[in-house]
**Q** 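To start, I am sharing the structure in question, which I have written as structure tokens.
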Amino acid sequence: MAKIKREAKISPFDRSVYALTARIPKGKVSTYGKIARKLGKPGASRAVGQALNRNPWAPQIPCHRVISSNGDIGGFAGGKKQKIKLLKQEGVKIGKGRINLDRYEFLM
DNA sequence: GTGTTGACCACAG
DNA sequence: GCTGTGGCCAACA
């Protein structure tokens with residue numbers, strides 16, 4: 001049972017996204033746009049989302065800690081429901097399918 | 001190399 | 001507050 005070897009197939013951009021995503025501490029969240037900005041590409045929010053969607057390290061990368069800029073859940077490869085559940089587990093309260101960015105946004 | 005797709009973002013009505 | 005439109009970026013067929 002080989003560990004994940006897909007790493008070799010991952011593009012540099014995707015890897016950067018995973019790297020930043022992995023830095024998000026528990027109980028905090030970040031947004032696609034913010035991550036894109038950290039990468040030096042303020043307009044790559046979409047690409048960031050795609051990278052997470054195709055992330056080869058699904059359970060390993062806290063992709064559920066990444067949400068939309070407006071506080072919406074965004075999406076999740078398994079259902080937003082699951083994502084919300086996970087966030088709640090980490091102590092993030094969700095109100096009406098929305099997350100309070102003022103409270104949980106993680107400033108890198 | 002071109003066109004399509006996507007877990008987005010900002011703005012206008 | 002919601003919907004529609006345009007724009008940006010990267011991966012994939």
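Just so it is clear, the structure is predicted and the values come from calculations on it, not from any experiment. Just so we're on the same page: letters track the sequence lines, and every chain starts at 1.
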**Q** Output the residues of residues 93-102 of chain A in contact with DNA chain B, where contact means a heavy atom of the residue under 4.0 Å from an atom of the strand; sort by number or write none.
**A** none
**Q** So, is A:Ser45 close to the B:dC9 phosphate, meaning a side-chain N or O under 4.0 Å from OP1 or OP2?
**A** no
**Q** Distances under 3.5 Å only, N/O to N/O: pair up the protein atoms with those of nucleotides 4-7 of chain B.
**A**
residue: B:dG6; atom: O4'; partner: A:Gln50; partner atom: NE2; Å: 2.9
residue: B:dA7; atom: N7; partner: A:Asn53; partner atom: N; Å: 3.3
residue: B:dA7; atom: N7; partner: A:Asn53; partner atom: OD1; Å: 3.2
residue: B:dA7; atom: N6; partner: A:Leu52; partner atom: O; Å: 2.8
residue: B:dA7; atom: N3; partner: A:Tyr32; partner atom: OH; Å: 2.8
residue: B:dA7; atom: N3; partner: A:Gly75; partner atom: O; Å: 3.0

**Q** Can you give the first and last nucleotides of DNA chain C, 5' to 3', that have an atom under 4.0 Å from a heavy atom of chain A?
**A** C:dG7 to C:dC12
**Q** So which pairs with a foot in residues 38-47 of chain A pass salt bridge (Lys or Arg N to Asp or Glu O under 4.0 Å), sequence neighbours left out?
**A**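 Residue pairs passing salt bridge (Lys or Arg N to Asp or Glu O under 4.0 Å), neighbours aside: none found.
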**Q** For the residue pair A:His64 / A:Glu90, report whether a side-chain donor-acceptor contact shorter than 3.5 Å exists.
**A**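 The answer is yes; a qualifying pair exists.
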**Q** Any side-chain heavy-atom pair from A:Ser30 and A:Arg65 closer than 4.5 angstrom?
**A**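 Not touching, per the 4.5 Å side-chain cut-off.
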**Q** Quick one: which of A:Ile10, A:Leu52, A:Ile61 gives a side chain to side chain contact (heavy atoms under 4.5 Å, CB included) with A:Val17?
**A**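 So, applying the side chain to side chain contact (heavy atoms under 4.5 Å, CB included) to A:Val17 and each of A:Ile10, A:Leu52, A:Ile61, only A:Leu52 qualifies.
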**Q** Quick check on A:Lys34: does its NZ atom have over 12 non-hydrogen neighbours (other residues, nucleotides or ligands) under 6.0 Å away?
**A** no
**Q** Would you please test A:Tyr32 and A:Ser69 for side chain to side chain contact (heavy atoms under 4.5 Å, CB included) and show each step?
**A** CA-CA 7 Å; A:Tyr32 303 99; A:Ser69 270; over 6 Å; no
**Q** Can you list the residues that meet the side chain to side chain donor-acceptor pair (under 3.5 Å) rule with A:Lys28, with sequence neighbours excluded?
**A** none
**Q** Who are the side chain to side chain contact (heavy atoms under 4.5 Å, CB included) partners of A:Lys93, not counting sequence neighbours?
**A** A:Tyr104
**Q** Mind checking whether A:Val66 and A:Thr31 have side chains closer than 4.5 Å, heavy atoms only?
**A** no
**Q** Counting only heavy atoms from other residues, nucleotides and ligands, does the tally under 6.0 Å from CZ of A:Arg98 exceed 12?
**A** yes
